[in-house]
Amino acid sequence: MTAQNILVAVAWPYTNGELHLGHLAGCYLAADIFARYHRLTGNQVLMVSGSDQHGTPITVTAEEEGLTPQEVVDKYRQGQLDVWDCLGITFDLFTTTGTQNHQGVVHDIFNTLVENGLAVRKTTELLYSEVDRRFLPDRYVEGTCPFCDHDPARGDQCDNCGRPMDPLELKNPRSRLSGDTPKIRESEHYFLRLSALETELLNWVERQPHWRVNVRHFTRGYIKEGLHDRAITRDIDWGVSVPLDDYSNKRMYVWFEAVIGYLSASKEWAALQGKPNAWKDFWYGPNAKTYHFIGKDNIPFHTIIWPAILMGYDKDLNLPFDVPANEYLNMYGGKFSKSERRAVGIKDFLERYEPDTLRYYIAATMPETSDTDFTWEEVVRRTNDELVATYGNLVHRVLSFIRSQFNGKVPQPAVLNHTQEQMISVAKTALKDVGNQISQNNFRDGLRTAMGVAQEANKLLDSEAPWKTIKEDRSKAGTTLWVVLYLISTLKTVMQPYLPFSSQKLHTLLGFDRKLENTGWDIDEPIPGTTLPSPEPLFTKLDESVVEDEVQRMSENSQSSK
């Protein structure tokens with residue numbers, strides 16, 4: 001089968017705060033699992049994202065903290081890089097929207113859209129605060145959502161119903177800075193003519209039956225309500241410049257320029273490889289596919305606005321193949337909230353617990369089709385009952401038994417019995433099934449199938465009891481252990497996209513010396529006679545006191561924010 005070129009395009013986090021578990025569950029872990037799997041199969045993978053350093057989220061934080069926008073970016077960007085490194089998120093490039101490369105690509109696309117008549121000047125009405133003496137960008141305005149009546153809703157999007165909007169659509173708008181009720185004033189801006197692309201977009205969406213139901217229904221419904229032209233530029237002094245002399249005091253809207261980052265990052269990556277045209281392999285032709293990993297609040301920007309930009313810029317560029325948007329990870333029944341300190345930071349979690357513990361929990365509870373709920377009780381239960389008791393103890397007791405009874409060498413199997421042959425088939429089927437589930441973005445199902453291998457191995461070990469049969473038939477006991485080792489070797493492969501750190505450790509414990517990611521999506525058959533290293537636990541059991549300690553820590557953080 002011909003290798004595919006897979007572009008894994010991951011949402012760009014704002015650089016105005018620490019990343020928390022909601023971000024990880026929203027898109028970053030899923031993207032990494034997906035990318036790791038495709039690399040193992042031999043596909044060419046380019047996984048890109050970066051720090052979104054423009055827009056009002058940055059300027060709002062800057063004003064709150066008494067910093068410049070650039071100082072806010074500098075303060076938080078290294079934290080993002082540290083998190084990806086500690087958690088094993090394998091970006092090929094994690095750049096920023098502040099590069100000259102990005103600005104150049106944005107300018108090129110903007111100029112082309114203007115030339116093609118899809119970006120046009122219009123005089124528009126905006127909200128102006130006489131108290132603040134400025135036009136109010138979208139996130140400087142809050143009010144009541146016109147679609148679901150949620151209050152407060154932001155001027156760019158309602159967090160409750162997910163609908164993007166214009167600040168003028170808000171009911172009872174007010175300035176976030178002063179509380180002032182803003183007035184309407186006119187200002188000239190460039191608009192993306194989404195209305196001109198409505199039919200083409202709808203026809204394209206109808207040809208995507210493989211999209212998740214929530215993504216497809218939301219997108220179709222939004223387009224069928226009628227698309228409105230949307231401003232590309234805004235009255236603000238922080239962001240990508242507009243390549244026009246009479247627009248020197250305006251900047252590109254972050255929703256417009258940030259999505260262009262997928263293309264600019266691809267070009268930057270190619271330049272860094274010394275192959276400036278290598279990006280084209282991931283953007284043109286039937287052998288290339290783009291997967292956008294995002295949270296559900298970003299669906300319209302990736303299924304409507306970004307495809308519209310691509311259609312208007314270069315019709316030969318591939319449109320997104322899939323947009324597997326996740327729902328929200330909530331916390332004890334409520335939303336993660338940085339402002340209320342109702343969140344668990346990824347960096348904070350990793351200071352006390354192993355990265356694969358976090359990766360496992362998030363993968364097992366990933367909000368693929370509906371919101372899920374984070375609790376420390378479940379972190380402890382899943383770690384102890386599943387990772388440690390089902391998987392880790394299986395590995396440790398088998399390797400320890402081989403060390404004590406077979407001098408630490410992989411036993412030589414005799415002819416396998418019917419049950420043992422079935423277990424080999426179970427392993428091979430699981431390898432295929434987990435691969436299919438990951439490739440279809442069904443990550444929880446893939447993890448469940450992988451853990452099923454550990455469960456079957458435990459059943460075989462308990463039923464054939466080699467610690468008993470070794471007293472009468474050493475060869476029979478050795479054969480059982482070899483088959484269980486085969487199942488364990490399967491686990492290190494099918495778990496690698498999910499649990500890269502423990503999988504590499506297990507790979508070494510099974511006597512293999514090369515890096516696991518270089519072995520491919522296959523099962524390494526245990527080699528009889530191989531001397532195995534001294535066994536070590538794969539995972540650390542969590543004390544029940546963790547729940548009380550962490551809940552208390554959350555309570556203290558919440559109180560300190562008031």
Side-chain angles (χ1 to χ4, degrees), residues 9 11-15 48-59 69 95-122 124 126 135 137-140 154-157 163-167 187-198 201 222 227-244 247-267 292 294 297-314 317 319-320 323:
W12 295 57
Y14 284 124
T15 323
V48 297
S49 182
S51 302
D52 186 346
Q53 68 174 62
H54 296 137
T56 51
I58 310 299
T59 59
T95 181
T96 85
T97 55
T99 66
Q100 288 297 312
N101 167 74
H102 178 67
Q103 177 172 276
V105 175
V106 172
H107 285 179
D108 178 47
I109 289 179
F110 173 79
N111 289 331
T112 302
L113 292 173
V114 171
E115 291 171 8
N116 291 341
L118 290 171
V120 296
R121 294 188 187 219
K122 291 183 182 181
T124 184
L126 300 174
F135 283 104
D138 46 25
R139 290 211 180 194
Y140 284 72
R154 300 195 314 261
D156 63 339
Q157 187 172 24
R163 293 288 297 268
M165 71 183 83
D166 186 280
S187 183
E188 183 188 88
H189 285 282
Y190 269 86
F191 281 70
L192 177 64
R193 293 186 60 213
L194 290 172
S195 58
L197 296 167
E198 185 176 299
L201 281 166
Y222 195 85
L227 296 181
H228 302 287
D229 298 346
R230 190 176 172 105
I232 292 174
T233 60
R234 68 194 329 190
D235 293 292
I236 195 173
D237 57 7
W238 176 250
V240 173
S241 64
V242 182
L244 299 168
Y247 270 53
S248 61
N249 63 336
K250 302 178 190 290
R251 295 293 182 268
M252 295 291 186
Y253 243 113
V254 70
W255 66 260
F256 174 75
E257 56 98 352
V259 291
I260 294 173
Y262 303 120
L263 181 57
S264 67
S266 300
K267 291 186 174 185
H292 284 277
I294 60 170
D297 54 330
N298 272 324
I299 290 174
F301 299 100
H302 292 76
T303 61
I304 298 173
I305 290 172
W306 178 225
I309 293 171
L310 290 171
M311 288 175 178
Y313 173 62
D314 180 353
L317 283 169
L319 300 180
V323 186

Task: Pairs satisfying salt bridge (charged side-chain N to carboxylate O under 4.0 Å, His left out), at least one member in residues 187-197, at least two apart - done: R121-E188
Exercise: identify the closest heavy-atom pair between [X] and [Y]:
| X | Y | answer |
| --- | --- | --- |
| G50 | P13 | O-CD, 3.2 Å |
| M165 | Q157 | CE-C, 4.1 Å |
| T112 | G312 | CG2-O, 4.4 Å |

Between [atom1] of [X] and [atom2] of [Y], what distance do you get to the nearest 0.5 Å?
| X | Y | atom1 | atom2 | answer |
| --- | --- | --- | --- | --- |
| L201 | T303 | CG | OG1 | 9.0 Å |
| H102 | L263 | NE2 | CG | 10.0 Å |
| F110 | Y247 | CZ | OH | 7.5 Å |
| N101 | T95 | CG | OG1 | 7.0 Å |
| L310 | L319 | CG | CG | 6.0 Å |
| S264 | I109 | OG | CD1 | 8.0 Å |

Open item on the list: Please determine whether side-chain contact (heavy atoms from CB on, under 4.5 Å) holds for the pair R230 and W255, giving the CA-CA distance in whole Å, both sets of side-chain angles, and the decisive distance to 0.1 Å.
Closed with: CA-CA 10 Å; R230 190 176 172 105; W255 66 260; 3.2 Å; yes
Open item on the list: Among residues at least two apart in sequence or on other chains, which ones pass salt bridge (Lys or Arg N to Asp or Glu O under 4.0 Å) with D166?
Closed with: none
Listed by chain and number, what are the ring-ring contact (aromatic ring centres under 6.0 Å, His included) partners of [X], not counting sequence neighbours?
| X | answer |
| --- | --- |
| H302 | Y262, H292 |
| F301 | none |
| Y140 | none |

With sequence neighbours excluded, tell me which residues meet side-chain contact (heavy atoms from CB on, under 4.5 Å) with [X].
| X | value |
| --- | --- |
| S241 | Q103, H107 |
| D156 | D138, R139, R154 |
| D52 | W12, Y14, H54, T97, V254, A258 |
| E198 | I223, L227 |

I want to check something: taking the side chain as every heavy atom from C-beta on, are [X] and [Y] in contact at a cut-off of under 4.5 Å?
| X | Y | answer |
| --- | --- | --- |
| T124 | F191 | yes |
| I232 | F256 | yes |
| I236 | Y253 | no |
| P307 | P320 | yes |

For [X], enumerate each residue passing the side-chain hydrogen bond (donor to acceptor under 3.5 Å, both in side chains) test, keeping only those at least two apart in sequence or located in another chain.
| X | value |
| --- | --- |
| S49 | none |
| K250 | S187, D235 |
| D297 | none |

TODO: Go through D229 and K122 one step at a time and tell me if the salt bridge (charged side-chain N to carboxylate O under 4.0 Å, His left out) criterion holds.
DONE: CA-CA 10 Å; D229 298 346; K122 291 183 182 181; 2.8 Å; yes
TODO: Could you walk me through whether I309 and L192 pass side-chain contact (heavy atoms from CB on, under 4.5 Å), step by step?
DONE: CA-CA 8 Å; I309 293 171; L192 177 64; 4.0 Å; yes
- [ ] Test H189 against T233 for side-chain hydrogen bond (donor to acceptor under 3.5 Å, both in side chains), laying out the working first.
- [x] CA-CA 6 Å; H189 285 282; T233 60; 2.8 Å; yes
Task: Cation-pi check, R251 onto W238 ring (under 6.0 Å, within 45° of axis) - done: no
Task: Check: D108/Y313 side-chain N/O donor and acceptor closer than 3.5 Å - done: yes
Open item on the list: Using a 3.5 Å distance criterion without hydrogens, assess whether the side chain of S51 forms a donor-acceptor pair with backbone atoms of Q53.
Closed with: no
- [ ] Test N111 against L113 for side-chain contact (heavy atoms from CB on, under 4.5 Å), laying out the working first.
- [x] CA-CA 5 Å; N111 289 331; L113 292 173; over 6 Å; no
